[in-house]
Chemist: 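Below: one structure in C-alpha cells.
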Protein chains: 2
Amino acid sequence: MTSDLTPVRPVHLDRSSPVPLYYQVATRLQELIEKGEIGVGARIENEVDLAERLGVSRPTTRRAIQYLVERGMLVRKRGVGTQVVHPKVRRPVELSSLYDDLVAGDRAPRTEVLDLKVIPASDAIATSLSLTPGTEVTWIERLRYAGGEPLALMHNAIPVDVLTVTEADLAAHGLYELLRRAGHVPRIATQVIGARSASAPEARILAEKRGASLLTMTRTAWDAAGKALEYGSHLYRASRYSFELNLSAG
Amino acid sequence: MTSDLTPVRPVHLDRSSPVPLYYQVATRLQELIEKGEIGVGARIENEVDLAERLGVSRPTTRRAIQYLVERGMLVRKRGVGTQVVHPKVRRPVELSSLYDDLVAGDRAPRTEVLDLKVIPASDAIATSLSLTPGTEVTWIERLRYAGGEPLALMHNAIPVDVLTVTEADLAAHGLYELLRRAGHVPRIATQVIGARSASAPEARILAEKRGASLLTMTRTAWDAAGKALEYGSHLYRASRYSFELNLSAG
DNA sequence: GTCAATACTTTGTCATGACAAACTGACTTG
DNA sequence: CAAGTCAGTTTGTCATGACAAAGTATTGAC
C-alpha cells in the first residue's frame, strides 16, 4: 500500500551451509544497501512479509535486521517500519592494527625492526598487562613506513607465553595478524590517544623537525578470556596520520 | 557437578513492569558481577537451569546474557559455559561531550562563549552536515576551562532547525545536553583525531607556548533518523588532555 | 598406559505462535 | 472545522520446542 516500500528481490539462501541463516540474510541486505539498490531513507519490507518471502521464520529475519541496526545502517520504529539511514558506517570501532589499515588503504607498508629482545617487565608494563613485575616479556621496537616515508615508531611488550616472533615475522606481518595466527584473538582494548612534541632523537628517526607534533597512542589488548595479550606505546607523525573513529550509541 | 558454578540467588522479577524481562535479568546479573558476588573467571549457571530457576524462557535468558556479552562483561563458549571476564569495561565507546566527561570527573568545568552567530554554511561544513551550501547554521566558538585553566578551544556548526541556543545556555550546559533536551539524541558519529602545532593566536588563547602540541578532533554527529545534528572542530591542549577509548570487537 | 571412540554438557540456530505497544491515518463527533 | 476515537500496521517481547555443533569427560580397546 505504501509506495516507497522496496521489495528485496532475488535471494538465494543455502540451508546446508554452515553460515547461519540470519547472517546470510543480513549479508544480502547489506549488499543491497551498499550498492544503493535500497536508497537512503527508503523503507524496507516489514518483518513478517520479508520472512515469509524468504522462507525463514520471523525471529531469523529480526536477527538479521537487528544485526544491521547495531551497525548503524538501519533504523526501526515501532508502528512505522525499518528505514535505511547510513550506508557507510559499518562497525563502531575497528580493533585492528596500523599494518592492516595501511594494507587496506594501499599505502605500501614496510616494517623495520629496530629492536627485539626478551626482558623482565618493568612495573609500568607489568601493571598494564596484569602481570607480576619481573615476568618475562618480549620487547619490540619497530619503525613503520608507508609510501616510502617513516610514519610511526612503535614499542610493544608481549608476554612470552603469548607469542614468540622472529624479525622476519615482524617485517612481513602486522602484530595483530601474528597474534591471531597464534590463536590469540584480541577482543577488548583500552586506548589512550594524546599528543606531544618530538624529542631530538624521535624527530631524527621519524624524519621530522625537532619539536614537531606527534600523536601518541598507548593500548592494552585482552583476549576473550581476559588474558592480556599486548601493551603498545606508539608515536605517529601527526603530519601524516590521524585516527578515524565511527561511534554509535544505544 | 562443577564446583566454580555460581548460582544467582535472590531474584525479583516484576512481570507487570514496563521494563522488559530480559533487561531486568541483565541488570540483576550486572549488579552481581559489579559487586563482585560473581568473581572474575567464575562460571555462571547454564542458560537452561538459570531460565528455569528465574521462571522465564530460555530465549529471554539468552537475550539478557547476550546483552552483557556485548558489553564485554561476559564470555560464552559453546560446550563450556559463560564466564565473567571484565567487570569494568561497560560500553565500547561513549558518545558524550567533553563537558559531561569533566563533570563526571569533578574537574570544575567552565565555559566562555567567544562567538555565537547565524551564518550560511561554508562548502566544507555543508558537506560534513549533508546540507546544501548556504543553508543557515549556528556557529559557536567556545573556550572550555577545567580547574581554572583553559583546556579546549571548540568550534561548532549546528543547523538552525536543530537547535537555537543562547549564550547563557552554552555557559551553563554541554552542547550534547542541550541537543538531547531539544529532543535530538546523537546516535552515530564519525570522529577524526589528529595533532598539530599551535599557531600564535591559538597558543595565546589556550595559555600555551607557540608551537606547542595540540590535539585536534573533528566530529559529525547524526541522530537515529540519519539527520546531521552537529559538526565540531576542536583543539585541546595536549599537555592537559587525552582521549580514552574502550574498544571491543566481535 | 595411551589413544581413540563415545556420551554428556552447554551454547548456537531456527521455527511457530501469541500478545503488547507505538505509530499512522481515517472516521466520527461536537 | 477541529479534536478525539478507533482500526490497521509494524515492531517489541515472550514462551515452547527441537535439533545442531563444539567442547569436556569418560570409557574402552589395544
Side-chain angles (χ1 to χ4, degrees), chain A residues 1-8 11 13-27 29 42-70 74-85 183 185 224-225 250, chain B residues 1-8 13-27 29 42-70 74-85 183 224-225 250:
Chain A
M1 321 304 175
T2 45
S3 54
D4 60 343
L5 198 149
T6 309
V8 185
V11 189
L13 298 177
D14 183 359
R15 289 194 105 90
S16 66
S17 160
V19 178
L21 273 179
Y22 77 89
Y23 194 81
Q24 293 185 41
V25 175
T27 305
L29 279 174
R43 293 225 315 272
I44 67 171
E45 238 179 324
N46 74 65
E47 293 178 352
V48 182
D49 292 354
L50 184 58
E52 191 176 357
R53 205 159 48 68
L54 296 182
V56 299
S57 71
R58 193 180 156 214
T60 302
T61 310
R62 271 186 75 75
R63 188 159 176 191
I65 293 175
Q66 193 58 37
Y67 180 84
L68 297 179
V69 168
E70 277 158 16
L74 297 176
V75 172
R76 338 188 62 183
K77 282 201 199 102
R78 195 189 293 197
V80 181
T82 305
Q83 278 183 307
V84 178
V85 268
V185 183
Chain B
M1 322 311 175
T2 44
S3 55
D4 60 343
L5 199 149
T6 310
V8 185
L13 297 177
D14 183 0
R15 288 195 104 91
S16 66
S17 160
V19 178
L21 274 179
Y22 77 88
Y23 195 80
Q24 293 185 41
V25 175
T27 305
L29 279 173
R43 292 226 313 271
I44 68 172
E45 240 179 322
N46 74 66
E47 293 179 353
V48 182
D49 292 354
L50 184 58
E52 190 176 357
R53 206 160 46 69
L54 296 181
V56 298
S57 72
R58 193 181 155 214
T60 301
T61 310
R62 272 187 74 75
R63 188 160 176 190
I65 293 175
Q66 193 57 38
Y67 180 84
L68 297 179
V69 168
E70 277 158 16
L74 296 176
V75 171
R76 340 187 63 184
K77 282 203 200 101
R78 195 188 293 197
V80 180
T82 305
Q83 278 184 307
V84 178
V85 267

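Quick note on labels: first sequence line is chain A, next is B, and so on, each numbered from 1.
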Chemist: In whole angstrom, what separates A:Glu52's CD from C:dA15's P?
Modeler: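 So the CD-P distance, A:Glu52 to C:dA15, works out to 13 Å.
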
Chemist: Could you tell me the separation between the CD1 atom of B:Ile44 and the OG1 atom of B:Thr82, rounded to the nearest 0.5 Å?
Modeler: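 One finds 4.5 Å between CD1 of B:Ile44 and OG1 of B:Thr82.
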
Chemist: Look at the side-chain N and O atoms of A:Tyr22 and state whether any lies under 4.0 Å from the OP1 or OP2 oxygen of C:dT13.
Modeler: yes

Chemist: Before you tell me yes or no, could you show the steps for A:Arg43 and A:Lys77 under side chain to side chain contact (heavy atoms under 4.5 Å, CB included), namely the whole-Å CA-CA distance, both residues' side-chain angles and the distance that decides it to 0.1 Å?
Modeler: CA-CA 11 Å; A:Arg43 293 225 315 272; A:Lys77 282 201 199 102; over 6 Å; no

Chemist: What nucleic acid atoms does A:Arg62 come within less than 4.0 Å of, heavy atoms only: base, sugar-phosphate, or nothing?
Modeler: base

Chemist: Please give, in whole Å, the distance from C:dT11 C1' to B:Leu50 CG?
Modeler: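 Going from CG in B:Leu50 over to C1' in C:dT11 covers 13 Å.
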
Chemist: What's the closest nucleotide to the A:Arg63 side chain, out of D:dT11, D:dC14, C:dT13?
Modeler: C:dT13

Chemist: Which listed nucleotide (D:dA15, D:dT13, D:dG12) is nearest to the side chain of A:Glu47?
Modeler: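 Of all the options, the side chain of A:Glu47 is nearest to D:dG12.
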
Chemist: Side-chain contact, heavy-atom cut-off 4.5 Å: B:Val56 with B:Arg15?
Modeler: yes

Chemist: Check ring-ring contact (aromatic ring centres under 6.0 Å, His included) between A:Tyr67 and all other residues, then give those that pass, not counting sequence neighbours.
Modeler: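 Checked A:Tyr67 against ring-ring contact (aromatic ring centres under 6.0 Å, His included); matches are A:Tyr23.
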
Chemist: Can you tell me how far P of D:dT10 sits from CD1 of A:Ile44, to the nearest Å?
Modeler: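 It is 12 Å, rounded to the nearest whole Å.
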
Chemist: Does a side-chain N or O of B:Thr82 approach OP1 or OP2 of C:dT10 to a distance below 4.0 Å, or not?
Modeler: no

Chemist: I'd like to check A:Arg63 versus A:Thr60 (side-chain heavy atoms, cut-off strictly below 4.5 Å). Are they in contact?
Modeler: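 They are not in side-chain contact.
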
Chemist: In whole angstrom, give the distance that lies between atom CD of B:Gln66 and atom P of D:dT13.
Modeler: 15 Å

Chemist: Does B:Asp14 form a side chain to side chain contact (heavy atoms under 4.5 Å, CB included) with B:Val19? I'd like the steps, not just the answer.
Modeler: CA-CA 8 Å; B:Asp14 183 0; B:Val19 178; over 6 Å; no

Chemist: Please report the distance, rounded to the nearest Å, between OH in A:Tyr67 and C1' in C:dT13.
Modeler: 16 Å

Chemist: Out of curiosity, B:Asp49 CG to B:Glu52 CD, how far, rounded to the nearest 0.5 Å?
Modeler: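 That separation rounds to 6.5 Å.
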
Chemist: If the sugar-phosphate is the primed atoms plus P, OP1 and OP2 and the base is the rest, what is the B/S/- string for nucleotides 16-26 of chain D, using protein heavy atoms under 4.0 Å?
Modeler: B-B--BBS---

Chemist: For the pair made of CD1 in B:Ile65 and C1' in C:dT10, what is the distance, rounded to whole Å?
Modeler: 11 Å

Chemist: For the pair made of CG in A:Asn46 and C1' in D:dG8, what is the distance, rounded to whole Å?
Modeler: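 To the nearest whole Å, that distance equals 12 Å.
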
Chemist: Using atom CZ of A:Arg76 as one end and atom P of D:dT9 as the other, report the distance to the nearest whole Å.
Modeler: 18 Å

Chemist: D:dT11, OP1 or OP2 - any side-chain N/O from A:Arg43 closer than 4.0 Å?
Modeler: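 No, no such contact exists.
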
